[in-house]
Structures are given as structure tokens and as C-alpha cells.
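Down below is the structure, laid out as C-alpha cells.
Nothing here was measured: the structure is a model prediction, and the numbers come from that model.
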Amino acid sequence: RVLFRSHIISLDVVLSSAWGDLLKPSAREFWKDAIRRRLVAGLIGGPPCETWSQARERSVDAHGRAPRVLRTAEYPWGKEALRLRELLQLSVGNSLMGFQLEAVVALYCVGGIALTEHPAPPKAESSVSIWRTPILKLLLSLPGFELLHLAQGLWGAKSPKPTSLMVLNAPGIQQDLLQWQVTKDVPVQTSIGVDLAGGWSTAALKEYPPAL
């Protein structure tokens with residue numbers, strides 16, 4: 001009888017500056033090589049959503065201000081003529097999303113399992129979304145991939161938070177998730193604008209509700 005021991009690893013620069021910093025080419029190549037060698041069986045990841053958020057399209061305080069729109073449907077990887085700070089945000093977001101997709105493709109090639117989480121596509125077709133980019137459309141056309149939609153509010157988030165999951169080789173995951181719902185009613189509270197402490201209300205949504 002052959003026994004296998006599995007480990008859950010959290011990739012975070014706070015936990016490891018060497019292997020958790022996915023902005024480093026050496027770290028990215030280390031993990032992609034581990035996937036190719038079948039040392040990694042599966043991956044769950046969510047590329048940063050701050051530069052993709054549709055909240056940027058709305059006026060969110062008394063003066064009608066909001067972070068600027070950095071991506072559009074025409075320029076999903078970044079608009080022209082941006083500030084240096086905004087370009088840095090885009091660079092980080094694009095690099096981390098790039099690693100996620102490279103890792104997913106590597107897992108596809110070795111028969112692994114993967115889940116990519118990101119906000120659901122906005123209702124307005126003119127709004128940018130990773131799910132409307134050619135690379136995501138291509139992946140979702142391949143066998144083994146499916147796109148699921150859910151509201152994180154059903155698992156305890158304070159607002160609906162519509163979310164999409166690109167799932168690879170995990171056909172029963174939707175039924176598994178339903179077992180952990182904490183409510184049948186989607187919350188009506190919104191998370192747009194500035195909270196009482198002066199911070200962005202969307203910041204709290206960067207963490208998944210515990211039930212999810």
C-alpha cells in the first residue's frame with residue numbers, strides 16, 4: 001500500500017519572502033516547476049481585484065470622488081497616461097494574475113485541480129472584467145473548466161459580493177459549497193463608499209467569510 005501525505009501551503013510574502021513573494025521570478029518558477037513535477041496537486045487563488053473593481057466607476061463620497069478607473073473593456077491591462085502609483089498597482093495586479101493563470105494552465109496539463117476566484121462580471125457590458133478577457137474565455141472553452149457564480153453574502157459576507165469561480169477538474173464543488181451556506185437570503189447592505197472610520201467599505205471584502 002502506498003501512502004501519500006498532503007500539505008496545505010499558503011503563499012504570502014508575509015509568511016515567506018523567498019517562496020511567498022510571487023513578484024519574484026524565482027518564486028514563480030519554483031512553484032510552476034513543482035506543478036510540472038506533480039508535487040502540487042491543486043491550487044486556489046484570487047488575483048487582486050482592486051484595479052478591476054467596478055466601484056471605481058462610482059462617486060463614493062460627498063465630493064464625488066473615487067479611485068480612478070485604471071482598466072477599461074478596450075484596455076483591460078491598463079489605460080494610458082496613468083500616475084506612477086497607479087502603474088505600480090497595475091503591474092502588481094497583472095503579475096499576480098499572470099502567475100495564477102500560468103499555474104492553472106500547468107495544472108491543466110498534468111491533470112490537477114484549480115480554482116480561480118474573482119468578482120463576478122459587472123452587469124454593464126462596457127465595464128471591464130477578467131472574465132471578459134480573451135485568455136479567460138479561451139480557458140473556459142477547454143474541457144474540464146467550468147464557471148460558477150455565487151454571492152458571498154450567503155456564506156456570511158456583510159453584502160452580496162457577487163463572485164465567480166473558474167473551476168478545473170472539480171465537478172462536485174458547487175454542491176460541497178452549498179452545504180456550508182449560513183443563510184438562504186442574500187444581504188441587502190452595500191459595501192461602496194467610505195465607512196465611519198474613513199476607510200473604504202470594500203476593504204473588508206478582501207477577506208473571505210469564514211464559512212466560505
Point to revise | Straight-line distance of D12 CG to S17 OG, nearest 0.5 Å | key: 11.5 Å

Exercise for review: Locate the shortest heavy-atom distance separating A73 from S126; write the atom from each residue and the value.
Suggested key: CB-O, 3.6 Å

Exercise for review: Would you name the heavy atoms of L165 and T163 that are closest together and state the gap between them?
Suggested key: CD2-CG2, 4.2 Å

Exercise for review: Please write out which residues are connected to L15 in a hydrophobic cluster, directly or through intermediates, given that two of Ile, Leu, Val, Met, Phe, Trp, Tyr count as joined at side-chain heavy-atom separations below 4.5 angstrom.
Suggested key: none

Practice item. Determine, step by step, whether V186 and L154 satisfy the side-chain contact (heavy atoms from CB on, under 4.5 Å) criterion, reporting the C-alpha distance in whole Å, the side-chain angles of both residues, the deciding distance to 0.1 Å, and the verdict. Key: CA-CA 6 Å; V186 177; L154 297 176; 3.7 Å; yes

**Study point:** For the student: nearest non-hydrogen atoms of A157 and P209, plus distance
**Key:** N-CB, 3.7 Å

Check your understanding: Is there a donor-acceptor pair under 3.5 Å between the side chain of W131 and the backbone N or O of P122?
Key -> no

Review point. Ignoring hydrogens and geometry, is there a side-chain-to-backbone donor-acceptor pair from D21 to V13 under 3.5 Å?
Key: no

**Study point:** Flag if over 12 foreign heavy atoms under 6.0 Å of CZ, R68
**Key:** yes

Point to revise | Spacing of E125 atom CD and R132 atom CZ [to the nearest 0.5 Å] | key: 4.5 Å

Practice item. Is it possible for you to say whether M97 and L11 belong to one hydrophobic cluster, with membership spreading through side-chain heavy-atom contacts below 4.5 Å? Key: yes

Check your understanding: So if you build clusters from Ile, Leu, Val, Met, Phe, Trp, Tyr with side-chain heavy-atom gaps below 4.5 Å, do I113 and L168 land together?
Key -> no

Check your understanding: Going through the checks in order, is the side-chain contact (heavy atoms from CB on, under 4.5 Å) test met by Q100 and L22?
Key -> CA-CA 10 Å; Q100 173 72 18; L22 296 176; over 6 Å; no

Point to revise | Test side-chain contact (heavy atoms from CB on, under 4.5 Å) applied to E50 and L70, step by step | key: CA-CA 10 Å; E50 61 181 9; L70 304 184; over 6 Å; no

Exercise for review: May I ask you to decide if S91's main-chain N or O and S95's side chain share a donor-acceptor pair within less than 3.5 Å?
Suggested key: yes

Check your understanding: Does CH2 in W180 sit with more than 12 non-hydrogen atoms of other residues, nucleotides or ligands closer than 6.0 Å?
Key -> no

Check your understanding: Under 4.5 Å between side-chain heavy atoms, hopping through other hydrophobics if needed: is there a path connecting I9 to W19?
Key -> yes

Exercise for review: Calculate, to the nearest 0.5 Å, the distance between atoms CZ and CG belonging to R36 and L107 respectively.
Suggested key: 11.0 Å

Practice item. Report yes or no: does T133 contribute a side-chain atom to a donor-acceptor pair with the main-chain N or O of I130 at less than 3.5 Å? Key: yes

**Study point:** Straight-line distance of L82 CG to Y75 OH, nearest 0.5 Å
**Key:** 11.5 Å

Check your understanding: Atom CZ in F99, atom CG in L43: separation rounded to 0.5 Å?
Key -> 6.5 Å

Point to revise | Hydrophobic cluster membership, V69 vs L88, 4.5 Å side-chain cutoff | key: no

Atom pairs and distances, side-chain donor-acceptor, residues 141-149, under 3.5 Å, sequence neighbours left out:
{"unit_1": "S141", "atom_1": "OG", "unit_2": "L138", "atom_2": "O", "d": "2.6"}
{"unit_1": "H149", "atom_1": "ND1", "unit_2": "S164", "atom_2": "OG", "d": "2.7"}

Point to revise | Distance (rounded to the nearest 0.5 Å) between R71 CZ and S53 OG | key: 11.5 Å

Practice item. Give a yes or no on whether the backbone of V40 and the side-chain of W31 come within a donor-acceptor separation of less than 3.5 Å. Key: no

Exercise for review: Could you pull out all residues at least two apart from R85 that satisfy side-chain hydrogen bond (donor to acceptor under 3.5 Å, both in side chains)?
Suggested key: none

Check your understanding: So K137 and L140, side-chain contact (heavy atoms from CB on, under 4.5 Å) or not? Walk me through it.
Key -> CA-CA 5 Å; K137 291 180 179 179; L140 288 167; 5.9 Å; no

Review point. Side chain of N94, backbone of W77: donor and acceptor closer than 3.5 Å?
Key: yes

Check your understanding: Is T116 reaching over with its side chain to a backbone N or O of A114, donor-acceptor style, under 3.5 angstrom?
Key -> no

Practice item. Return yes if a side-chain donor-acceptor contact under 3.5 Å exists between T51 and Q89, otherwise no. Key: no

Exercise for review: Treating Ile, Leu, Val, Met, Phe, Trp and Tyr as nodes and any side-chain heavy-atom pair under 4.5 angstrom as an edge, say whether V128 and L139 lie in one connected cluster.
Suggested key: yes

**Study point:** C49 side chain near H118 side chain, heavy-atom distance below 4.5 Å
**Key:** yes

Study note, to complete from the structure: Correct closest heavy-atom pair for G112 and N169 would be O-ND2, 2.7 Å

